[in-house]
Structures are given as structure tokens and as C-alpha cells.
Amino acid sequence: MRELTYAQAISEATVQCMAADPAVLVLGEGVDDHKGTFGTTRDAFLRFGPGRVVDVPNSENACAGVAVGAASAGLRPVVVHTRADFMFLALDALVNLAAKWRYMYGDQGAVPVVTRGVVGRGWGQGATHSQSPHATFAHYAGLHVAAPASPADAKGLLVEALRGGTPTVLIENRNLYPLTGEVPAEALPVPFGVGRIARRGSDVTVVAASLMVHEAERAAERLAGVGVEVEVVDVRSLRPLDDRIICESVAKTGRLVVADTSWARYGFAAEVAAVVAENVPEALRAPVRRVTPPDSPAPVSWPLEQAWHPGADRIAAACLELVGHRRGELPAFADVAAGFQGPY
């Protein structure tokens, strides 16, 4: 199968869905410029022009309101935010209107707005440009929320969102945009609520999404060298969440680490821990560990921000701590940590 980058996969899904359905249009700041939102909207603009790939004013709440109205009239808007932090300005339209539409009107119609938000490590941009809001949106019933880790899922989840009837938030980590992987040429949907086993193992489960799936795989590769087999679960979507794949993995390994790019309290990591505690508490042989950023806003400094974000080394340390409950002692972490060459 041919390979595409993560960004190319998003671009291809957008073009294919726009070609198949004239109701699909793209809205966002700079979606029509030469960069085209980091290369994900340029091809659509060149093919369909400014009538369907629309550069909008710097007003996120207004754009979200326009998109909800357009969706209620039968269109399928994709709203693109180059900085997901500013999606908070669109919360009213997404949470109070789009998410509740079907419930308030007795399932008579839908507003299938798709909102793409770009997150990721910056270059010391500070607290208002370096956060991952996926758990915020996943909190609200009526929305689908996904954070794809692979190019194939970046394409497939976008295709599913543009064919479905549920308002959807897709969170994309810009550090994954250069990542290459096999992607089908056809516009094949990937269903929400179905996770995947990214790596099989028997000693400890690491549940992750987006970039942290790759950090978990890096940790697992190094830990295999000291005899610790890590199973990595990529949830793909946060709402709906695939409880089954998480619980089945923990039932097998007896240990759980949750890795996330956002904070531990009240977030994705807390939700996964609760799912396991409520469904398979007897399977746990050790306490759950959460690998997340420190409980503070991101610092305004390149080196400090890089240290603030969790990575493979911290995932490996958490796994070794849990395995130590079984073995009575930990493998030499220095030997494992020596294999890491900075963040993904």
C-alpha cells in the first residue's frame, strides 16, 4: 500500500469528501494561503476555490455559529483552527448548540459540523498556545471527539465525520504531520468508538491517544530489552471511548498506565482509570499510573516547555514502577533511559 504523511492524509480525505459531496466546505483562518493550514487545506483550495474553501475573519465564535447554521441548512462545514487553544472561543456554539441539537429537537435533523483543532509542542509560545483541549470537548454528550495517531486514522476518522450526522471535534498534534504511514487510496471510514492494539504485550497496558501512542511505542521498544512486554492501546476516539478494548487489555496484563498530553485531573487519563476501576477492578495488581504534564500551565521557554511535556522516558519509568510490584525490584532505569533521544 502507498504511504502518505499525516498531513497529506487529511488533505486527501478533505478533497475526496468534497468531490463526493458538494455540501462539504472548509472554513478557517488562512485555509486558502500558500501554507494551507500546514498543508492540509491547500489542495482543496486549489481544486475547489474560495467558494468552498473560505478564509474567515479572526472570530472563532462567529465562525462556529455560522458553521452550525450552515449545517442546520444541510451543508457539511469543516472548521479548521491552526491553534486549538482558540477553540475555547467557539465553546458556546459547539457545546450549547451543536452538541444538544438532536436532543432538544427530538432527533429531527442534525448539525454535522466537523471542527479540526491543531495542538502540540510549540517553541516556548506559552500557556495560551500549548495545551490539548480534547478532554474538555469529550466531556459533553452529543459530540464525537477523536485524536488520531496514524495517517490512516487521520484520514479515516475525518471521512467518517464527514459522512455521519454527529458534530465532531478532531484534535491533531502537529508533531505528527510529517509522520508517514500506509493509507488506503479510497475514502474508507474509520468508526468512532473502536480502538486498536498498537503493540501487543503481557506485562503492562499503556492507554494513549494521538502523539502519546508513539511515545508509548518508543517506551515499549526500550522496555522489551529488559524483559518487560508493554501492550499499547490506541483509543483513536475519546468520545465514544472503547471501554472494551481497554478493559480486556488490563484484564490480561493486570497493570495500567495512561499517557496523555493534557493534565491528569478531570481529564482523559482520569476517565480511563475510572473505566477500569468500575469494570475490572479485580484485574489490577498494582495502582494505576497517569503520565501527563505537570499541574500547571505550559511555561514560556523552549527548554522548559520541552521538559513540561511528557514523553517516552516518563512512560517507561511508570511501567517499570508497576512491574516492580510483581518482581520486588525494578530493572535498571538508567539502562532503559539511555536509549531515548529527546521527544518524538
Side-chain angles (χ1 to χ4, degrees), residues 1-56 63-64 66-82 84 94 98 109-118 143-174 176-192 194 236-237:
M1 187 182 294
R2 88 293 169 46
E3 291 196 346
L4 296 179
T5 67
Y6 191 101
Q8 288 171 333
I10 295 170
S11 176
E12 183 173 81
T14 304
V15 170
Q16 289 177 337
C17 289
M18 293 181 75
D21 184 353
V24 177
L25 68 155
V26 177
L27 309 172
E29 299 163 22
V31 292
D32 61 343
D33 67 19
H34 70 285
K35 294 180 181 179
T37 313
F38 310 118
T40 62
T41 60
R42 182 62 177 170
D43 288 346
F45 176 73
L46 292 175
R47 178 161 176 180
F48 300 104
R52 292 181 66 190
V53 181
V54 184
D55 182 32
V56 300
C63 182
V66 168
V68 170
S72 71
L75 297 178
R76 287 185 171 271
V78 180
V79 182
V80 183
H81 296 268
T82 55
L94 288 175
V111 283
V113 177
V114 176
T115 304
R116 291 178 45 212
V118 183
L143 291 177
H144 281 173
V145 181
S150 70
D153 285 344
K155 178 178 180 178
L157 287 164
L158 178 54
V159 170
E160 175 74 3
L162 285 170
R163 291 181 180 175
T166 302
T168 299
V169 174
L170 297 173
I171 299 298
E172 305 157 6
N173 193 299
R174 68 172 172 263
L176 295 177
Y177 275 18
L179 177 73
T180 59
E182 293 186 347
V183 179
E186 302 83 5
L188 300 178
V190 171
F192 287 83
V194 179
R236 285 180 169 145
S237 69

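The minimum heavy-atom distance linking Ala152 with Val190 is given by the pair O-CG2, 4.3 Å. Here the shortest heavy-atom pairing between Pro112 and Leu75 reads CG-O, 4.3 Å. In terms of heavy atoms, Ser11 sits closest to Gly39 at CB-O, 3.8 Å. The two residues Ala98 and Val68 make their nearest non-hydrogen contact at CB-CG2, 4.2 Å. Residue Leu176 comes nearest to Ala149 through the heavy atom pair CD1-O, 3.8 Å, listed as atom of the first residue, atom of the second, then distance. Residues Ala110 and Gly165 come closest through the heavy atom pair CB-O, 3.2 Å.
Legend: residues meeting ring-ring contact (aromatic ring centres under 6.0 Å, His included) with Phe45, ordered by chain and number and at least two apart, are absent. Under the salt bridge (charged side-chain N to carboxylate O under 4.0 Å, His left out) criterion, Glu160 pairs with no residue at all, not counting sequence neighbours. Residues passing the ring-ring contact (aromatic ring centres under 6.0 Å, His included) test with His81: none are found, sequence neighbours excluded. Listed by chain and residue number, Phe38, Glu172, Arg174, Tyr177 satisfy the side chain to side chain contact (heavy atoms under 4.5 Å, CB included) test with Val118 (two or more places apart in sequence, or in another chain).
Side-chain atoms of Arg236 do not come within 3.5 Å of backbone N or O of Pro148 as any donor-acceptor pair. The backbone N or O of Ile10 sits less than 3.5 Å from a side-chain atom of Thr14, completing a donor-acceptor pair. With hydrogens and angles ignored, the 3.5 Å screen pairs no side-chain donor or acceptor of Thr37 with any backbone N or O of Thr40.
Between atom OG1 of residue Thr168 and atom CG of residue Leu162 there is a gap of 8.5 Å, rounded to the nearest 0.5 Å. Taken to the nearest 0.5 Å, the OG1 atom of Thr180 stands 4.5 Å off from the CD atom of Glu3. Residue Ser150 holds its OG atom at 8.0 Å from CG of Leu179, rounded to the nearest 0.5 Å. Taken to the nearest 0.5 Å, the CG atom of Leu46 stands 9.5 Å off from the OG1 atom of Thr41. Expressed to the nearest 0.5 Å, how far CG of Leu188 lies from CD of Gln16 amounts to 8.5 Å. The structure places CG of Leu143 at 6.5 Å from CG of Leu94, a figure rounded to the nearest 0.5 Å.
Legend: salt bridge (charged side-chain N to carboxylate O under 4.0 Å, His left out) pairs involving residues 28-52, not counting sequence neighbours: none detected. Applying the salt bridge (charged side-chain N to carboxylate O under 4.0 Å, His left out) rule to pairs touching residues 5-25 yields Arg2-Glu12, Glu12-Lys155, Asp21-Arg76, sequence neighbours excluded.
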Review point. When you look at Val78 and Leu27, which way does the side chain to side chain contact (heavy atoms under 4.5 Å, CB included) test go after all the steps?
Key: CA-CA 6 Å; Val78 180; Leu27 309 172; over 6 Å; no

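Using a 4.5 Å heavy-atom cutoff, the side chains of Arg163 and Pro189 are in contact. Between Val79 and Cys63, the closest side-chain pair of non-hydrogen atoms falls below 4.5 Å. No side-chain heavy atom of Leu158 sits less than 4.5 Å from a side-chain heavy atom of Cys17.
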